[in-house]
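Structure, as structure tokens:
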Protein chains: 4
Amino acid sequence: MIDFNEKQLQIIETSERLFAQKGFDATSVRDIAEEAGINVAMISYYFGSKEKLMEAVFEAKIGKVQMRVEALLKDESLLPFEKMYTLIDEHIERVMHSQHFYRIMISEQLTNKNPAILQTVKQLKVRNAELISEIIKEGQQKGFFKKKVDVVLMLNTLLGTVWQSIISKEHYREFTNSQLLSNEEYENQLKKKLSTHIKTLFKAILTNEA
Amino acid sequence: MIDFNEKQLQIIETSERLFAQKGFDATSVRDIAEEAGINVAMISYYFGSKEKLMEAVFEAKIGKVQMRVEALLKDESLLPFEKMYTLIDEHIERVMHSQHFYRIMISEQLTNKNPAILQTVKQLKVRNAELISEIIKEGQQKGFFKKKVDVVLMLNTLLGTVWQSIISKEHYREFTNSQLLSNEEYENQLKKKLSTHIKTLFKAILTNEA
Amino acid sequence: MIDFNEKQLQIIETSERLFAQKGFDATSVRDIAEEAGINVAMISYYFGSKEKLMEAVFEAKIGKVQMRVEALLKDESLLPFEKMYTLIDEHIERVMHSQHFYRIMISEQLTNKNPAILQTVKQLKVRNAELISEIIKEGQQKGFFKKKVDVVLMLNTLLGTVWQSIISKEHYREFTNSQLLSNEEYENQLKKKLSTHIKTLFKAILTNEA
Amino acid sequence: MIDFNEKQLQIIETSERLFAQKGFDATSVRDIAEEAGINVAMISYYFGSKEKLMEAVFEAKIGKVQMRVEALLKDESLLPFEKMYTLIDEHIERVMHSQHFYRIMISEQLTNKNPAILQTVKQLKVRNAELISEIIKEGQQKGFFKKKVDVVLMLNTLLGTVWQSIISKEHYREFTNSQLLSNEEYENQLKKKLSTHIKTLFKAILTNEA
DNA sequence: CATGAATGAGTCTTCATTCAT
DNA sequence: AATGAATGAAGACTCATTCAT
């Protein structure tokens with residue numbers, strides 16, 4: 001876990017936003033430098049290269065996410081279903097709040113260009129799948145969940161549905177008659193709907209015997 | 001619906017693949033020209049610019065998709081549930097087969113850079129949502145589906161789950177003990193699993209009274 | 001043997017001069033482009049890179065030199081001593097006339113940076129040593145030359161003396177009371193002196209029994 | 001004669017090596033700082049600039065060389081021929097031992113960029129020519145040497161032959177069947193050969209009446 | 001006295017596009 | 001109708017040097 005100083009964090013934050021908005025290749029180091037109010041050379045100076053900067057963006061973020069998930073899933077005070085539901089809500093909250101970062105993450109998974117980043121992402125995903133598998137086993141032992149559950153597909157439904165809702169958010173604004181809502185209101189409404197929707201799906205996945 | 005000549009289609013096809021593999025910005029017109037075996041200048045000559053070429057890629061593809069969906073949903077020989085299930089299977093099949101194109105589409109939705117393309121995508125999405133709404137109404141009238149169904153969320157679950165499964169395909173290969181399968185076998189297995197999984201979800205969405 | 005078009009030759013010529021005057025690293029592609037009256041991008045366009053341009057400079061020159069030497073040494077109408085003397089005079093003439101190029105060549109041998117160039121130079125040198133060895137053998141068989149002659153040292157004396165005379169030319173101008181001569185006159189005087197001097201040395205090397 | 005403190009000498013020594021290996025322009029102050037184990041800023045701090053550092057390298061070296069030559073040539077216990085032969089051997093030894101420095105010196109003479117350095121070099125050369133002229137006069141008066149001797153050409157043969165032998169050392173390694181020798185052995189062999197060779201040449205220059 | 005942080009100028013190269021043919 | 005040649009703009013990055021501490 002690398003420690004970044006204040007200026008580095010400032011650069012990371014700006015990069016995260018710009019990479020998300022325009023994509024890695026379409027974001028020039030000049031763009032970043034200007035927006036962050038620093039000299040172009042400082043990016044090479046602090047991070048070595050634009051690519052390494054991107055990796056730093058991931059390191060800075062993934063670590064935090066990982067810790068939060070671990071903490072939740074190991075919380076012994078929660079019942080299996082409560083854990084799953086909390087997991088859903090925290091995920092929705094996190095993705096909505098860090099849309100920028102998740103945009104980059106998807107983008108990186110799309111292009112397969114930086115192996116270091118892919119590795120980091122993979123580790124996060126696999127680790128999470130492992131942790132959730134354990135919750136499910138626990139729920140199965142206690143008789144709450146049905147026998148056969150495909151953890152990966154379940155996770156993909158969670159991540160995919162949330163993500164798809166975000167990227168197509170604007171497309172459906174008219175369709176759902178939400179033109180009059182402020183951006184914030186619309187997002188809040190979306191969060192609630194998503195929460196209910198996915199919990200329903202998870203319940204179906206975890207309990208209904210096919 | 002624009003008519004493209006053979007050379008143009010050749011360029012579109014190559015572009016689709018390269019844009020998908022490396023991203024729009026990271027793909028140079030020289031790359032495309034070389035792979036397509038044509039002169040660099042021909043891209044500007046036929047399409048006006050690299051951006052316009054991208055738009056052509058979308059026009060060429062979206063049209064086909066749209067027609068297939070319309071045909072399916074208007075097929076009067078199918079029951080509502082059958083339509084939904086066919087919709088799922090065709091979507092899975094289509095996305096798996098045209099991963100390249102869907103990668104670009106997601107990428108474009110991520111970066112919001114080309115309004116013309118966004119508009120095209122939005123039209124497709126909204127039109128599809130409308131069509132599916134009608135199926136659902138039909139199913140509700142016939143008593144197959146429950147009263148309140150959120151079409152958009154349902155669609156997002158379909159699209160999101162399929163998509164998430166594709167982009168994280170490799171990450172979970174070890175986790176699901178599928179290392180020994182060939183790529184094709186792995187994809188076929190995934191298709192089947194996805195089909196069952198999403199049908200279960202749709203059934204839950206369309207029938208279970210919360 | 002690569003064929004260079006007119007524009008390429010123009011770039012090569014300018015580069016040869018600038019690389020010689022300022023050194024490879026101190027010469028920017030902008031310098032070259034400005035002096036050659038071409039666009040900076042044309043250097044990459046025609047040669048691929050600054051390094052490759054340098055290699056082209058060598059290819060363009062070394063070939064010519066090689067051919068001249070081969071022709072001379074294979075000339076059957078000349079006696080061994082005549083060949084050696086002609087070799088000396090032609091070398092002096094060539095180096096004086098192409099000082100720019102020889103500056104670069106020395107510089108490259110100094111820094112050992114571009115293996116492709118070193119290889120080209122080495123081939124030239126070794127080939128020349130071989131050819132001259134044959135002349136000497138011929139001279140020995142005919143009884144003109146003494147038995148043991150070190151070809152490499154002899155060549156090094158020729159090349160070294162000529163070269164050293166050129167690079168320290170200005171240093172000794174006062175010392176030799178040649179301030180009043182024009183540059184051309186001074187160089188002509190130097191050529192004559194060098195010719196006599198080196199012929200004396202060669203005669204000593206080739207005939208005097210130690 | 002400037003006094004350099006220990007840290008300065010350390011920087012000078014490292015610079016000498018790096019400038020020789022990679023050339024002045026291709027050597028960055030960061031390279032030097034890293035290899036010398038000092039802070040980058042210290043180079044500007046101690047020497048003012050990279051150029052001034054180069055001048056310091058020359059000042060530190062030229063002084064030593066000058067003193068050695070003066071001492072030898074003024075040694076009254078040696079006969080003229082002995083002096084010349086010792087001069088040759090010491091020069092060979094010196095150049096072989098300080099190849100780094102001589103590489104830089106040649107390089108500087110090639111590029112003519114730093115007038116201060118050129119001046120220093122010129123002074124050394126002219127002074128040496130003057131001293132040697134005196135030896136020759138002495139030898140002529142004593143009847144050992146012939147009347148007309150071109151000191152400059154003679155010096156150029158000494159310097160040029162030695163130098164050419166060094167820079168083309170590797171090129172001829174195969175040609176002289178010396179692949180099996182260690183680097184050290186090869187250099188020792190070369191030194192001996194050079195010594196004999198140049199002494200022969202000098203003898204011819206100094207005695208043979210044309 | 002010595003240095004880590006910072007920077008503006010400059011590097012080479014690649015890019016999409018244009019234009020004469 | 002099609003293209004090879006050419007280019008201006010922009011790209012990421014490295015450099016020697018400065019300055020506050």
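Protein chains get the first letters and strands the later ones, always in sequence-line order, with residue 1 at the start of each.
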- [ ] Quickly work out the A:K22 NZ to F:dA10 P distance and round it to whole Å.
- [x] 12 Å
Task: Distance, rounded to the nearest Å, where C:N39 contributes CG and F:dA9 contributes C1' - done: 10 Å
TODO: Starting at atom CD of B:Q10, determine the distance to atom P of F:dA2, rounded to an integer number of angstrom.
DONE: 12 Å
Task: Side-chain (B:K122) to main-chain (B:I117) donor-acceptor, under 3.5 angstrom - done: no
TODO: With rounding to the nearest 0.5 Å, note down the distance linking CG in D:L118 to CG in D:N112.
DONE: 5.0 Å
Task: Rounded distance (Å) that lies between atom C1' of E:dA16 and atom CZ of B:F19 - done: 12 Å
Task: Comparing C:K7 and A:E51 on DNA chain F - which has the more 5′ nearest nucleotide - done: C:K7
- [ ] May I have the distance from A:Q8 (atom CD) to E:dA6 (atom C1'), rounded to whole angstrom?
- [x] 13 Å
- [ ] Send over the distance from C:I43 CD1 to F:dA6 P, rounded to a whole Å.
- [x] 13 Å
TODO: Have a look at B:Y46 and say if it touches a base, only the backbone sugar-phosphate, or nothing, with a 4.0 Å heavy-atom cut-off.
DONE: sugar-phosphate
- [ ] Select from C:A41 and A:G48 the residue whose nearest nucleotide in DNA chain F is closer to the 5' end of that strand.
- [x] C:A41
Open item on the list: Applying the side-chain contact (heavy atoms from CB on, under 4.5 Å) criterion to C:I12, which one of C:F4, C:Y46, C:F58 satisfies it?
Closed with: C:F4
Task: Integer-rounded Å distance: E:dA5 P and A:F47 CZ - done: 13 Å
- [ ] Please figure out whether C:A26 or D:M42 has its closest DNA chain E nucleotide nearer the 5' end.
- [x] D:M42
Task: Nucleotide forming a Watson-Crick or wobble pair with E:dG10, both distances under 3.5 Å - done: F:dC13
Open item on the list: Under 4.0 Å, counting only non-hydrogen atoms across every strand here, what does D:S44 touch: a base, just sugar-phosphate, or nothing?
Closed with: base
TODO: Would you please test B:K22 and A:T111 for side chain to side chain donor-acceptor pair (under 3.5 Å) and show each step?
DONE: CA-CA 5 Å; B:K22 325 204 289 177; A:T111 57; over 6 Å; no
Open item on the list: From CZ of C:F24 over to P of E:dT11, roughly how many Å is that when rounded to an integer?
Closed with: 13 Å
Open item on the list: Taking atom types as they are modelled, would you say the side chain of B:R30 forms a donor-acceptor pair with the base of E:dA16 within the 3.5 Å cutoff?
Closed with: yes
Open item on the list: Pairing donors with acceptors under 3.5 angstrom, does anything connect the side chains of C:N114 and C:E108?
Closed with: no
TODO: For D:Y45 and for B:V29, find the nucleotide of DNA chain E with the closest heavy atom, then tell me which residue's nucleotide is more 5'.
DONE: D:Y45
Task: Residue matched to F:dT21 through Watson-Crick or wobble contacts both under 3.5 angstrom - done: E:dA2
